[in-house]
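The chain is numbered in sequence order, starting from 1.
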Amino acid sequence: MAEPVVALTRAEVGASAALLLGPLLASHYLELGLTQRLATSAIRAALQLGLLANVILEPLFTASSPAPVLLYVGFMALVAALEVSSRCSYAYPRLLRDALASIVICVVGVFALALQLVLRSAARPWWNPRFVVPIIGMLLGNAVATTIVGLDRVLTELSERRAVVELRLALGASLREAVRPAVRAAFIAGLTPSMNQLAVVGIVSTPGMLTGQILGGASPLAACSYQLALLYLIALTASAALFASTSLALWSVAELGAHRLRDGVLARRAGEGGTDILVSLARALLRAADRAWRCALDRGRGRALVPSEAGEAQQRAAPTAAPCADEHAHATMRARVRRLAQPGGTSAAPPAGASDVPDAPDALAQSASDALPLLDAEAGTPQLALRLFAVEVSRPQSEAERARRATPPPLMSLPARLELAPGDVLAVVGPSGCGKSRLLRALAALDRLRAGDVALGSRDSAGGWSSAERRLSTVSTPRWRSALAFVPQNIPPLSGTPAELLAEVAAFGARATGACAAERPPATDALRARALAIAASVGLTSSHVDSAWNTLSGGERHRAMLALALALKPSVLLLDEPTAACDPEAAARVEAAVLRVVATGVVAVWVTHDARQAARVATVELELVDDGREGEHARDADGDVEHAV
């Protein structure tokens with residue numbers, strides 16, 4: 001039999017508040033800096049609960065229609081979305097909308113299921129505020145806590161460890177495969193509290209609803225039944241809200257079809273810990289009121305903009321004056337392409353200092369058919385060419401251009417046609433900041449081409465290009481990247497070991513399910529043996545391949561990444577200053593190893609600042625020059641093609 005509820009007096013509630021003097025004094029004595037925050041939070045809790053009980057819940061529980069209940073639930077969902085969007089360390093323009101959509105859809109969906117399967121007999125009518133308000137409140141609270149932790153983890157990973165994600169993408173991973181570690185970590189962090197609560201409930205902890213019902217006079221059995229059902233609903237809501245919010249976030253910060261991350265979408269919030277929820281709500285209400293007032297003025301006066309709004313819009317649209325030193329920042333580079341004396345890279349002299357480099361292992365002395373083919377084996381020995389058609393490389397947008405949605409001029413524009421035959425090494429040289437690295441990123445489909453196209457293929461018996469030619473504009477992006485191997489200038493802080501990364505890359509879907517057996521990487525054992533042989537040729541041992549990345553030096557990380565890239569048997573090598581962190585002996589070993597692989601029919605695009613290195617390794621040179629003549633075409637005295645790049 002239920003016992004009558006015994007209400008607490010104001011003196012008893014005040015006595016519980018007085019107990020907080022202990023933590024307040026401890027914070028002050030230890031100089032933790034939390035005294036004011038703790039006191040403010042305690043006062044706010046009292047005011048908010050008093051307002052909730054006297055102003056909202058008392059009238060709401062006497063409502064005779066669902067309208068007030070639904071209005072209050074909508075307000076709770078809006079506040080929950082504001083809390084999520086304001087507590088993430090990184091934000092993007094549609095974060096509030098995505099947070100609101102994920103929370104509303106998941107909470108309403110789970111509550112609708114609960115009404116049909118769990119609360120069918122208890123909640124009569126379905127909008128009964130004594131069921132709707134507390135249950136949706138608990139679902140919202142737990143969904144918010146889970147989403148904040150998980151979504152903040154994903155956005156932080158995509159921003160601060162973007163280079164790691166893009167390295168996986170460049171090695172052939174789909175977007176899903178590239179972000180899987182970040183999403184997995186987010187789900188573990190977000191759902192661990194719910195799983196822990198399920199594990200210890202009834203033994204270590206007594207949840208709030210169970211405690212409240214027992215104190216309210218309900219029987220322990222009835223209270224435990226409600227609490228158990230609610231715990232299951234909370235776990236479902238938290239999982240669904242986290243999945244929906246991370247999916248919508250990826251939709252906003254990445255190009256799903258192109259399998260790459262967008263530029264300039266994520267921005268770090270100023271300060272730490274996000275913005276206070278009441279401050280965010282007040283700002284949102286003030287912005288809404290301001291927009292409504294301006295619209296009313298606009299309609300009343302019949303003008304497109306009120307004067308103050310016109311001034312603000314003009315100020316926002318006005319570009320920021322650039323300093324004089326940056327007046328040429330938007331000048332398009334000129335490209336000078338010339339073929340050097342060593343055709344195909346096979347007659348190039350060995351690099352200086354390479355006389356003591358060990359002989360190439362058998363694994364590197366294979367025939368041209370061992371190069372990664374893109375065509376069916378019946379076409380004969382594949383000789384793959386890399387062809388660029390009027391390629392224009394995009395320039396990063398400035399903040400002013402992004403605000404105006406303006407498209408900046410191209411960073412570089414390559415000749416109308418540039419063909420690299422199997423065995424060619426294209427050395428890309430030019431001053432710092434001219435866009436050499438962005439050219440490699442564009443070839444690896446990490447950045448969108450502003451114009452033009454790139455193709456990989458071979459000639460048929462009649463001398464024409466095979467119909468199986470693969471073009472960047474038409475083939476799936478992971479499949480395109482599976483034919484490439486990209487070694488970036490700066491190796492990001494990777495977890496695990498080079499051997500583990502090699503096994504992970506070999507398991508990527510685009511590599512594991514190639515169009516033909518020859519296009520797939522070798523079996524794991526053979527792949528490891530090949531990587532160890534190449535590592536030995538560049539001065540590394542098996543212990544380096546099995547050591548954690550963070551224990552290797554900068555030069556060792558570059559050489560280990562190069563060994564992994566060569567072991568995958570790519571058709572095209574994209575090398576961004578691969579010897580920048582190497583001593584002369586290690587640089588000579590790297591040059592020799594790359595040239596041996598190139599001799600099997602691989603195309604290499606090699607970015608370097610060393611003119612002597614370019615002369616040693618290149619068969620074709622692409623020089624980027626900025627002389628201020630934007631968009632101008634010219635031809636030098638020697639007949640070398642110059643094109644506005």
query: Should L70 and W127 be marked as a side-chain contact (heavy atoms from CB on, under 4.5 Å) after you check the CA-CA gap, both sets of side-chain angles, and the distance that decides it?
result: CA-CA 8 Å; L70 295 179; W127 50 267; 5.7 Å; no
query: Can you name the closest pair of heavy atoms from L484 and A444 and give their distance?
result: CD1-CA, 3.9 Å
- prompt: Going by heavy atoms in the side chains, are L167 and F486 under 4.5 Å from each other?
  reply: no
message: Main chain of G554, side chain of H558: is a donor-acceptor contact present, judged purely on distance under 3.5 Å?
response: yes
field: Test item: H259 and R481 side chains (from C-beta on) under 4.5 Å apart, heavy atoms
entry: yes
- prompt: Is D152 close to R87 at the side-chain level, that is, under 4.5 Å between some pair of heavy atoms?
  reply: no
Donor-acceptor pairs under 3.5 angstrom involving side-chain atoms of residues 8-21: please list them, not counting sequence neighbours.
from, atom 1, to, atom 2, distance (Å)
T9, OG1, E12, N, 3.3
T9, OG1, E12, OE1, 3.4
E12, OE1, T9, N, 2.9
S16, OG, V13, O, 2.5

Pairs under 3.5 angstrom only: tabulate donor-acceptor contacts from the side chains of residues 24-36 to other protein residues two or more places apart or in another chain.
from, atom 1, to, atom 2, distance (Å)
S27, OG, L34, N, 3.4
S27, OG, T35, N, 3.2
S27, OG, T35, OG1, 3.1
T35, OG1, H28, N, 3.3

- prompt: Could you state the interatomic distance from CD1 (I103) to CG (L78), rounded to the nearest 0.5 Å?
  reply: 10.0 Å
query: When you measure from the side chain of T551 to the backbone N and O of S547, does any donor-acceptor pair fall under 3.5 Å?
result: no
message: For the CG atom of L261 and the CD atom of E255, what is their distance to the nearest 0.5 Å?
response: 9.0 Å
- prompt: Below 4.5 Å, heavy atoms only, C-beta onward: do P23 and L38 meet side chain to side chain?
  reply: yes
query: With distance as the sole test, does T477 use its side chain to make a donor-acceptor pair with the main-chain N or O of A258 at under 3.5 Å?
result: yes
- prompt: Take atom CZ in R262; do more than 12 heavy atoms of anything else shown fall under 6.0 Å from it?
  reply: yes
task: Provide the closest heavy-atom pair for A178 versus A173 in the form atom of the first, atom of the second, distance.
output: N-CB, 4.1 Å
- prompt: Are F131 and L115 close enough, and set up right, to give a side-chain contact (heavy atoms from CB on, under 4.5 Å), and what steps lead you there?
  reply: CA-CA 10 Å; F131 285 91; L115 286 177; over 6 Å; no
Set of residues satisfying side-chain hydrogen bond (donor to acceptor under 3.5 Å, both in side chains) with respect to R161, sequence neighbours excluded: E157
Minimum-distance pair of heavy atoms, taken over all atoms of A567 and L527: O-CD1, 3.3 Å
- prompt: Is there a salt bridge (charged side-chain N to carboxylate O under 4.0 Å, His left out) between R528 and D546 once you walk through the steps?
  reply: CA-CA 11 Å; R528 175 180 170 83; D546 293 321; 2.8 Å; yes
task: Without swapping roles, check the side chain of S159 against the backbone of T156 for a donor-acceptor pair under 3.5 Å.
output: no
- request: Side-chain contact test, heavy atoms from C-beta onward, threshold under 4.5 Å: evaluate it for M561 versus L501 and give yes or no.
  value: yes
field: Among V79, V84, L82, V149, the one residue meeting side chain to side chain contact (heavy atoms under 4.5 Å, CB included) with V144
entry: V84
task: Can you sort out the partners of S394 under side-chain contact (heavy atoms from CB on, under 4.5 Å), two or more places apart, ordered by chain and number?
output: R450
query: For V475, what residues pass the side-chain contact (heavy atoms from CB on, under 4.5 Å) criterion, not counting sequence neighbours?
result: R470, R479, W480
field: Which residues share a side-chain contact (heavy atoms from CB on, under 4.5 Å) with A249, sequence neighbours left out
entry: Y92, L151, L155
field: Distance, nearest 0.5 Å, that separates CG of L171 from CZ of F508
entry: 6.5 Å
- prompt: Taking the side chain from T246 and the backbone from F243, do they hold a donor-acceptor pair closer than 3.5 Å?
  reply: yes
statement: In short, L248 meets A101 closest at the heavy-atom pair CD1-CB, 4.3 Å
statement: Closest heavy-atom pair, L242 versus G150, reported as atoms and distance to 0.1 Å, is CD1-CA, 3.6 Å
query: Are the side chains of R153 and F187 in touch, meaning some heavy atoms are under 4.5 Å apart?
result: no
message: To the closest 0.5 Å, what do you measure between OG (S543) and CG (L552)?
response: 9.0 Å
- request: Take H544 and R557 through the side-chain contact (heavy atoms from CB on, under 4.5 Å) test and state the conclusion after the steps.
  value: CA-CA 9 Å; H544 290 96; R557 286 197 296 271; over 6 Å; no
field: Residues that R438 engages under side-chain hydrogen bond (donor to acceptor under 3.5 Å, both in side chains), provided they are two or more places apart
entry: D447
Please output the side-chain donor-acceptor pairs of residues 50-62 that fall under 3.5 Å, not counting sequence neighbours, one pair per line with the distance.
from, atom 1, to, atom 2, distance (Å)
N54, ND2, G50, O, 2.8
T62, OG1, P59, O, 2.8

- prompt: Between D98 and S252, does any side-chain donor sit less than 3.5 Å from a side-chain acceptor?
  reply: yes
- request: Could you tell me whether the side chain of L568 reaches within less than 4.5 Å of the side chain of L564, counting heavy atoms only?
  value: no
message: I'd like to check the side-chain hydrogen bond (donor to acceptor under 3.5 Å, both in side chains) partners of R97; sequence neighbours left out, ordered by chain and number.
response: none
message: Measuring only between side-chain heavy atoms, which start at C-beta, is L266 closer than 4.5 Å to L158?
response: yes
query: Which value, rounded to the nearest 0.5 Å, describes the distance between I135 atom CD1 and L233 atom CG?
result: 7.5 Å
- request: Scan residues 166-175 for pairs that pass salt bridge (charged side-chain N to carboxylate O under 4.0 Å, His left out), counting only residues two or more places apart or in two chains.
  value: R162-E166, E166-R441, R168-E504
task: Could you tell me whether a side-chain N or O of R269 sits under 3.5 Å from a main-chain N or O of C88, the two making a donor and an acceptor?
output: yes
Donor-acceptor contacts, no H, no angles, side chain residues 488-499, under 3.5 Å, sequence neighbours left out:
from, atom 1, to, atom 2, distance (Å)
Q489, NE2, E577, OE2, 3.4
T497, OG1, E500, N, 3.2

message: Closer than 3.5 angstrom, by distance alone: can the side chain of T40 be matched with the main-chain N or O of R37 as a donor-acceptor pair?
response: no
query: Nearest 0.5 Å, what's the CG-CD1 distance between N142 and I234?
result: 4.0 Å
task: Could you list the residues that satisfy side-chain hydrogen bond (donor to acceptor under 3.5 Å, both in side chains) with E177, not counting sequence neighbours?
output: S174
- line: For P68 and A63 the tightest heavy-atom approach is CG-CB, 4.1 Å
